[in-house]
Asks: 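So that we are looking at the same thing, I have put the structure below in structure tokens.
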Amino acid sequence: MSKKTPQAIRGTQDIFGSDAEAFAFVVETFERVRRLYRFRRVEMPVFEKTEVFARSLGETTDVVSKEMYSFDDRGGESLTLRPEFTAGIARAFLTNGWQQYAPLKVATHGPLFRYERPQKGRYRQFHQIDAEVIGAGEPQADVELLAMADQLLKELGIADVTLHLNTLGDVESRDAWRAALIDYFRAVKDQLSKDSQDRLEKNPLRILDSKDPRDKPFLADALKIDAFLSDEARAFFAAVTSGLDAAGVKWVRAESLVRGLDYYRHTAFEFIPDEGSASAAALGSQSTVLGGGRYDGLMESLGGAATPAVGWAAGIERLAMLVGAREEAKADAVIVVENDERLDDAISLLGKLRSCGFSAEMIASGSPRKRFDKAKKIPAHALVSFVVTDEGSPMRIMGDGGECHTAVESFILTGR
RNA sequence: GCGAUCGUAGCUCAGUUGGUUAGAGCGCCGGUUUGUGGUACCGGAGGUCGCGGGUUCAAACCCCGUCGAUCGCCCCA
């Protein structure tokens, strides 16, 4: 490669071949499942005013404090490449009068941007599928959303991933729990890991998730959210879990599961590969494949009326890794022109095949003697060779003997 | 942001304690061969060894920096 050729931006990907097929498979499957659940498709801007994210995610979160791609536009306004979908969708809900459609079920997918150290399964431009239910405060909304996620994973053929479920309670429960946790960990602060000492100030809930051996002894006895749940919050969570059981969605309770963004309340969940499974190995050090929860407080933080909502997002690249490389679809027909005098006949046939819905490709370049071998290497149901100069039908139609081969052959010979 | 490993043709990789003109397989291009089928043989193109500096008579190889990839931490989808 010439040194004049610019390199791709760090953390971006050029996806091609079987990886691109896996990516498309994830998106296509999501589109199909989303229709089954009657979620409406939306397309959102890739950038927003910086405050949309700063106010909704929480100023102290890692995403806002150090991972956003922010810049001033020519008018001097601070804009940010979206690091996630939920905040932008919430903003759109408020600014477009979408309240009239509540409860509103929407789905989208596209690129997100986060300035992080790239790794396997972690990129600076990455892609998510996303589903949200806005204006629905009932636990049934959580259940429907989780059932959709569960079905999506099943239809993708991903079996060794389990729903880890927790509740963070309502605002009062969460605040009380948080205060108690701070007191508990502060008493043993000196014995905690350096990371956890920092987390004590910034995000004490995350200490519960620590993998550091120095923290482990304190985690088992740490206070559980259950002790702080209000009756209402407890009833809400019970309704979610019984709904999941009724819907046939398997789940496990994950008492230490918290979410990184400030706006979450009540239900919080992640789909995580089972320990030692093929999926766990495929994901490297990343674990969460799909995550989300309820964010009843978000609309108010953006200046709107209190509006309950739930949502989730999943990394397309991570799902694609679990799906594995996928074969590109076989061509219905490959036409090989072994004699250039038959080129126009071949072009004509190629056009007819395509307009009648057959996928077709033509090989007519390079050494004529090598074209047959080249054509044979293209996966196809039928291979049509133009070799003799005689007018009329091509010299030979070869194929795999399957239905598609027969259909192509019949089409060429009889025109239908 | 921190720590570790790695970077040689389009791809997968060899390359000795530093020593002529850096190799192989696959792929690509061409020729011959074959002709109900992914044949075989011959030839060719393609690399300032990621980039920049340093040590040395001499660097793909040793040293420093930088960019990138991968792994762990952190964080998250």
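Just so you know, these numbers come straight off a predicted model, no measurement behind them.
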Asks: Think A/Arg40 forms a cation-pi with A/Tyr101, using NZ or CZ under 6.0 Å from the six-ring centre and within 45 degrees of its axis?
Replies: yes

Asks: For atom C1', what is the distance between B/U66 and B/C6, given to the nearest Å?
Replies: 15 Å

Asks: If I pick the P atom on B/G47 and the same atom on B/A4, what distance separates them, to the nearest angstrom?
Replies: 36 Å

Asks: Cation-pi between A/Arg124 and A/Phe113: NZ/CZ under 6.0 Å from ring centre and within 45° of the ring axis?
Replies: no

Asks: Could you work out which one of B/G68, B/U32, B/G1 sits closest to the side chain of A/Arg122?
Replies: B/G1

Asks: Is it true that a side-chain atom of A/Lys250 and a backbone atom of A/Asp150 form a donor plus acceptor pair closer than 3.5 Å?
Replies: no

Asks: Please confirm whether any donor atom in the side chain of A/Arg318 sits under 3.5 Å from an acceptor in the base of B/C76, or the reverse.
Replies: yes

Asks: When both hydrogen-bonding distances must be under 3.5 Å and the geometry is Watson-Crick or G-U wobble, what is B/A40 paired with, if anything?
Replies: B/U32

Asks: Please give the distance between the P atoms of B/A24 and B/A9 as a whole number of Å.
Replies: 14 Å

Asks: Watson-Crick or G-U wobble partner for B/U48, using a 3.5 Å limit on both distances?
Replies: none

Asks: Just wondering, are more than 12 heavy atoms of other shown residues or ligands nearer than 6.0 Å to CZ in A/Phe25?
Replies: yes

Asks: Where do A/Phe185 and A/Leu192 land on the side-chain contact (heavy atoms from CB on, under 4.5 Å) test, with the steps shown first?
Replies: CA-CA 8 Å; A/Phe185 284 120; A/Leu192 296 176; 4.1 Å; yes

Asks: So what does A/Tyr123 hit on the nucleic acid, given a heavy-atom distance under 4.0 Å: a base, only sugar-phosphate, or nothing?
Replies: base

Asks: Hey, is the main chain of A/Val52 close enough, under 3.5 Å, to the side chain of A/Ser56 for a donor-acceptor pair?
Replies: yes

Asks: Could you report the tightest heavy-atom contact between A/Ser70 and A/Thr50, atom names first, then the distance?
Replies: OG-OG1, 4.1 Å

Asks: Determine which nucleotide pairs with B/G68, using a 3.5 Å limit on both distances of a Watson-Crick or G-U wobble pair.
Replies: B/C6

Asks: Is any N or O donor-acceptor pair between the side chain of A/Glu116 and the base of B/G1 shorter than 3.5 Å?
Replies: no

Asks: How is A/Gly17 classified with respect to the nucleic acid when contacts are heavy atoms under 4.0 Å: base, sugar-phosphate, or nothing?
Replies: nothing

Asks: Hey, does A/Glu338 reach any base, or is it just sugar-phosphate, or nothing, if we go heavy atoms under 4.0 Å?
Replies: base

Asks: Rounding to an integer number of angstrom, what distance separates B/G3 and B/C11 when you compare their P atoms?
Replies: 31 Å

Asks: Kindly point out which of B/G31, B/U32, B/C75 is positioned nearest to the side chain of A/Asp62?
Replies: B/C75

Asks: Searching all strands shown, indicate the nucleotide that pairs with B/G1 (Watson-Crick or G-U wobble; both distances under 3.5 Å).
Replies: B/C73

Asks: For atom P, what is the distance between B/C63 and B/U5, given to the nearest Å?
Replies: 11 Å

Asks: Report the base-pairing partner of B/A24 (Watson-Crick or G-U wobble, both distances below 3.5 angstrom), or none.
Replies: B/U12

Asks: Using a heavy-atom cut-off of under 4.0 Å over every strand shown, decide if A/Ser287 touches base, sugar-phosphate, or nothing.
Replies: base

Asks: Please report the distance separating the C1' of B/G1 from the corresponding atom of B/C13, rounded so that it comes out in whole Å.
Replies: 35 Å

Asks: Considering only the P atoms, how many Å lie between B/G27 and B/U20, rounded to the nearest integer?
Replies: 31 Å

Asks: Between A/Tyr264 and A/Thr12, just flag the one whose closest nucleotide in RNA chain B comes earlier from the 5' side.
Replies: A/Thr12

Asks: Looking across every strand, which nucleic acid part, if any, lies under 4.0 Å from A/Gly121 by heavy atom: base, sugar-phosphate, or nothing?
Replies: base

Asks: If you measure from the C1' atom in B/C49 to the same atom in B/A14, how many Å do you get, rounded?
Replies: 13 Å

Asks: Measuring to OP1 and OP2 of B/C75, would you say a side-chain N or O of A/Arg199 lies under 4.0 angstrom away?
Replies: yes

Asks: From CG of A/Asp195 over to P of B/G3, roughly how many Å is that when rounded to an integer?
Replies: 14 Å

Asks: Quick one: A/Leu322 CG to B/A77 C1', roughly how many Å, whole number?
Replies: 11 Å

Asks: Could you please name the partner base of B/A58, counting Watson-Crick and G-U wobble pairs only when both distances are under 3.5 Å?
Replies: none

Asks: Check every strand shown and say whether A/Glu67 touches a base, only sugar-phosphate, or nothing at a heavy-atom separation below 4.0 Å.
Replies: sugar-phosphate

Asks: Taking CG from A/Leu57 and C1' from B/A77, how many angstroms apart are they, rounded to a whole number?
Replies: 14 Å

Asks: Ignoring hydrogens and geometry beyond distance, is the side chain of A/Arg117 in donor-acceptor contact with the base of B/C74 at under 3.5 Å?
Replies: no

Asks: Nearest whole Å is fine: how far is B/C75 C1' from A/Leu205 CG?
Replies: 15 Å

Asks: Side chain of A/Tyr115 only, please: which of B/G72, B/G68, B/G1 is the nearest?
Replies: B/G1

Asks: When you measure from the side-chain N and O atoms of A/Ser367 to the phosphate of B/G31, is any distance below 4.0 Å, counting only OP1 and OP2?
Replies: yes

Asks: Regarding B/C73, can its base be found pairing with the side chain of A/Ser285 as donor and acceptor, where the two atoms are less than 3.5 Å apart?
Replies: no

Asks: Quick one: sort the A/Tyr264 and A/Tyr295 rings into parallel, tilted or perpendicular, breaks at 30° and 60°.
Replies: perpendicular

Asks: For the NZ atom on A/Lys66, are there more than 12 heavy atoms of other groups (residues, nucleotides or ligands in this structure) within a distance under 6.0 Å?
Replies: no

Asks: Can you tell me the distance, in whole Å, between the CG atom of A/Asp209 and the C1' atom of B/C73?
Replies: 14 Å

Asks: Report the distance from atom CG of A/Asp14 to atom P of B/C11, rounded to the nearest whole Å.
Replies: 13 Å

Asks: Take the protein atom CZ of A/Arg206 and the nucleotide atom P of B/C74, then report the distance between them rounded to whole Å.
Replies: 10 Å

Asks: Report yes if the distance between the aromatic ring centroids of A/His127 and A/Phe23 is under 6.0 Å, otherwise no.
Replies: yes

Asks: Nearest whole Å is fine: how far is B/C76 P from A/Glu317 CD?
Replies: 18 Å

Asks: Reading RNA chain B from 5' onward, which residue's closest nucleotide shows up sooner: A/Gly284 or A/Pro118?
Replies: A/Pro118

Asks: Looking at A/Asp160 and A/Ser279, would you say the former's side chain and the latter's main chain have a donor-acceptor pair under 3.5 Å?
Replies: yes

Asks: Nearest to the side chain of A/Arg369, heavy atoms from C-beta on, is which of B/C76, B/G1, B/U33?
Replies: B/U33

Asks: Got a sec? Which of residues 373-380 of chain A come in under 4.0 Å of RNA chain B, heavy atoms?
Replies: A/Asp373, A/Lys374, A/Lys376, A/Lys377

Asks: Do we count A/Phe372 as stacking onto B/G37 if the rule is ring centres under 5.5 Å and planes under 30°?
Replies: no

